[in-house]
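A short worksheet on the structure shown next.
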Amino acid sequence: MKRYLKVAIITMLAAVLVVGCSTKQENKKNTANNNTNQPAKSTKEDGFPNWGYDLQQTRNVPYDKITKDNVNKLGVVWQQDLAGWDKKAPNASEDYPVVVDGVMYVTTSLNRVFAMDASNGKKIWEWKPPSNVQDHLDKADLSLLEVVASRGVAVAEGKVFVLIADNRLAKLDAKTGKLDKIINFWDIKGMEGVTLENRYYETSAPMYYKGNVYVGSSGGDNGIRGFVMAFKASDLTPAWDKPFWTVPEKGKDWVKGKYTGGGAVWNPMAFDPDTDMMYFGVGNPAPDFFIKIRPGKNPYTDSVVALDSKTGKLIWANSEMENDQWDYDAAATPMVINANVKGKKQKVVVHGGKNGKWYAWDAKSGKTIYDGVPFVKIKHTPLTTDKNKAVLQWPGVEGGQNYATETYDPGTNFVLIPGINLPSLGIAAKDEKEVEQKNGLFPGTEVLPTPKGTESSGTITAIDLNTGKQAYQIKTKQPQRGGFTSTATGLAFYGELDGTASAIDIKTGKKLWNMETGGKQVMMAPAIYMDNGKQFITYVTGTKVITYGLGGKKSVTAEQTPQGSGKNDNANDGSSGNKEKAKKQPGNTAAPAIYKKSCASCHGQNLGGGVGPDLTHIGSKMSEQEILNQIINGGGRMPAGLAKGDDAKTLARWLSQKK
């Protein structure tokens, strides 16, 4: 899941540094427009109270005002641009909004939190970490972080909980946005090494469950030791005796090499309120493509894991990929569902992996029910160390299903899976020395550009839980990056990378509604909620938040482009004080290699676009000097200095030839 999101030219890196609790003076500075707009009260059942609507993460809402017969009457009821409130507002494209008591909460990649009236989009407050963060960002090592997202918040007990990218958890007052408390993970006993300097960071949304806040860890490709941990919501003290570590301690079992490890928990957990069990997906082992120094099964990487949420003790774990050399995380959040399975009602956990296969297990025992149902093209072979012998691998490093959410429709007993059909050319390391030359960072070697003409598309696959077989599959023009939210009337809503929002009939797969958002990409699943008896659907794209309802307008406004200078306002350059000295790459590195390192995750492996715009014809729009200035100085949400010196010039010259 990480590669598409690596720190690169358009999406902002989300690392921030806060020391301890903010003072009262800082709280005042970090809270804007407090109580300017007071939303109408609504019950929790009318909103979208959790990241996946319910604790089981089904993203299936009980609302029925929008039906198959009237969905084509949807239009825009309100639209806001975070950049209109704050010109320096970073990208929020991967945020999954939460709506509680009539208030919508949206996060951006620099861990800013916006609260707005869900009925009209008016701003209530904005929170951003204290001002001392910026000094830290300017000195940071950009290469330490790969993912730039902040995927949402947890709202409970009158508080808003948000993860900060440099391994912190903040608690805000839900009404005012004032900071109540912030904790540093490295100050927690047993977590002393969880620092940005050691290549840990945070991208996920926290989860609240029965008085505790649950967090995971990002940075698996950097060789960190993945974990999940619980904190008491009341005071953010540890709720468990120690974290649950997804891989062994460094130097033990299979984690013996300098850069071995991994097992990040990139996305929120699911919970079963009947048993207090929690479930989450675990990322790939590291180094990604070089398995010689980590032979064997590498538990619990590429697995779905079940714990006792009260204690953090392991109950069961099931691997989706052993001997992984293709970066096939179990990245997405699992779902816990009561479904008809083989003619009987059964509580199951389901999950689609980056390996392109979908699984179902008994929720309590972990016993396999459906073992790897393919939903995208699968054709992979052991990776070569010779660039001239590299062959396309399906799925590619973006996976079959990435972080995007599935949904369950009880009416049809179908699960909808968001799929990606996009291969990649991965090259394995020749030896451990080559891995060290790249400082242990993904991929230890490189991913070559895919040949021109290689298909890049997506799929929507409906799986019948009763049989474990496909009910149907729809091909989409763009890879499915955001996922689905479904309703009681049998509709599933989703967005696409062309900036459109759509709805399909879950029973048949027929598209019933499609409309522009005004943004360039949609990389999240919408929040669907009720307000004053009316049903609404909200999408986030870039800095834009747009909400549709019955009888709304058919016109949209385009997303604004923030006017920042790049480095000093929208960029995030990682962390200072790196314990390991970075090893500089040769100054004459070929332009494609520079592009792959700095740009490919946002602009696509073959310049075709993704989080960032299509660059295949950039030379016909910008001169070499203009491109060079953009690379060096940044601008808008594009960070400065991702390539420097001769590398920047080489990259600019190469891109200017793309006409």
Side-chain angles (χ1 to χ4, degrees), residues 10-12 14 29-39 75-99 102-129 131 134 148-150 152-153 160 162 172 176-177 495 499-501 515-524 526-527 531 536-549 552-566 568-572 611-613 634-639:
I10 293 293
T11 310
M12 289 303 89
K29 291 180 179 179
N30 294 334
T31 305
N33 295 334
N34 292 344
N35 302 317
T36 300
N37 300 287
Q38 292 300 321
V76 179
V77 294
W78 62 261
Q79 49 191 323
Q80 291 286 1
D81 201 311
L82 306 181
W85 293 331
D86 185 342
K87 291 183 179 180
K88 299 178 181 180
N91 195 308
S93 284
E94 290 178 31
D95 173 74
Y96 289 70
V98 169
V99 182
V103 180
M104 179 180 295
Y105 301 92
V106 173
T107 59
T108 76
S109 61
L110 281 176
N111 303 109
R112 300 187 188 186
V113 183
F114 289 85
M116 58 189 75
D117 189 326
S119 67
N120 55 31
K122 291 183 178 179
K123 181 179 176 181
I124 301 172
W125 53 258
E126 173 188 356
W127 179 84
K128 50 188 173 183
S131 57
Q134 193 59 59
V148 296
S150 177
V153 300
V160 177
V162 61
L172 316 177
T176 66
T500 61
M515 191 169 174
E516 295 293 325
T517 63
K520 294 181 179 179
Q521 296 98 13
V522 180
M523 299 181 65
M524 48 74 74
D531 189 273
F536 300 101
I537 303 100
T538 294
Y539 290 82
V540 179
T541 168
T543 58
K544 185 174 182 182
V545 183
I546 184 167
T547 296
Y548 303 92
K553 298 178 181 179
K554 296 299 181 180
S555 60
V556 299
T557 57
E559 176 194 354
Q560 296 183 34
T561 301
Q563 299 301 312
S565 62
N568 291 325
D569 39 47
N570 290 327
N572 177 359
V611 179
R637 290 190 303 276
M638 176 177 165

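Predicted, not measured: the structure shown is a model, and the values here were computed from it. Residue numbers count from 1 along this sequence.
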Residues Arg112 and Asp86 bridged, charged N to O under 4.0 Å: yes
Min side-chain heavy-atom separation Met524-Pro97 under 4.5 Å: yes
Closest non-hydrogen atom pair, Asp117 against Ser119: OD1-OG, 2.6 Å
Side-chain heavy atoms of Leu82 within contact of Val545, under 4.5 Å: yes
Taking every non-hydrogen atom, the tightest pair across Thr541 and Gly519: OG1-CA, 3.3 Å
Derivation of the side-chain contact (heavy atoms from CB on, under 4.5 Å) call for Trp125 and Leu172: CA-CA 11 Å; Trp125 53 258; Leu172 316 177; 4.0 Å; yes
Working for side-chain contact (heavy atoms from CB on, under 4.5 Å), residues Trp78 and Met116: CA-CA 12 Å; Trp78 62 261; Met116 58 189 75; 3.7 Å; yes
Residue pair Ser109 / Asn91, side-chain donor-acceptor N/O under 3.5 Å: no
Nearest non-hydrogen partners of Pro526 and Ile537, listed with the distance: CB-CG2, 3.6 Å
Min side-chain heavy-atom separation Phe114-Ile124 under 4.5 Å: no
Worked verdict on Asn111 versus Lys128 for side-chain contact (heavy atoms from CB on, under 4.5 Å): CA-CA 7 Å; Asn111 303 109; Lys128 50 188 173 183; over 6 Å; no
Closest non-hydrogen atom pair between Ala118 and Val99, with its separation: CB-CG1, 3.9 Å
Main-chain N/O of Gln79 paired with Lys544 side-chain donor or acceptor, under 3.5 Å: no
Stepwise side-chain contact (heavy atoms from CB on, under 4.5 Å) check, Thr543 with Glu559: CA-CA 7 Å; Thr543 58; Glu559 176 194 354; 3.5 Å; yes
Pairwise side-chain contact, Met515 with Val76, heavy-atom cut-off 4.5 Å (strictly under): yes
Heavy-atom closest contact (Tyr96 atom, Met523 atom, distance): OH-O, 4.1 Å
Geometric class of the Tyr539/Tyr548 ring pair [parallel <30°, tilted 30-60°, perpendicular >60°]: perpendicular
Residue pair Thr517 / Ile546: nearest heavy atoms and the distance that separates them: O-CD1, 3.4 Å
Backbone of Ala92 reached by a side-chain donor or acceptor of Thr108 within 3.5 Å: no
Ser150 and Asp95, any side-chain heavy atoms less than 4.5 Å apart: no
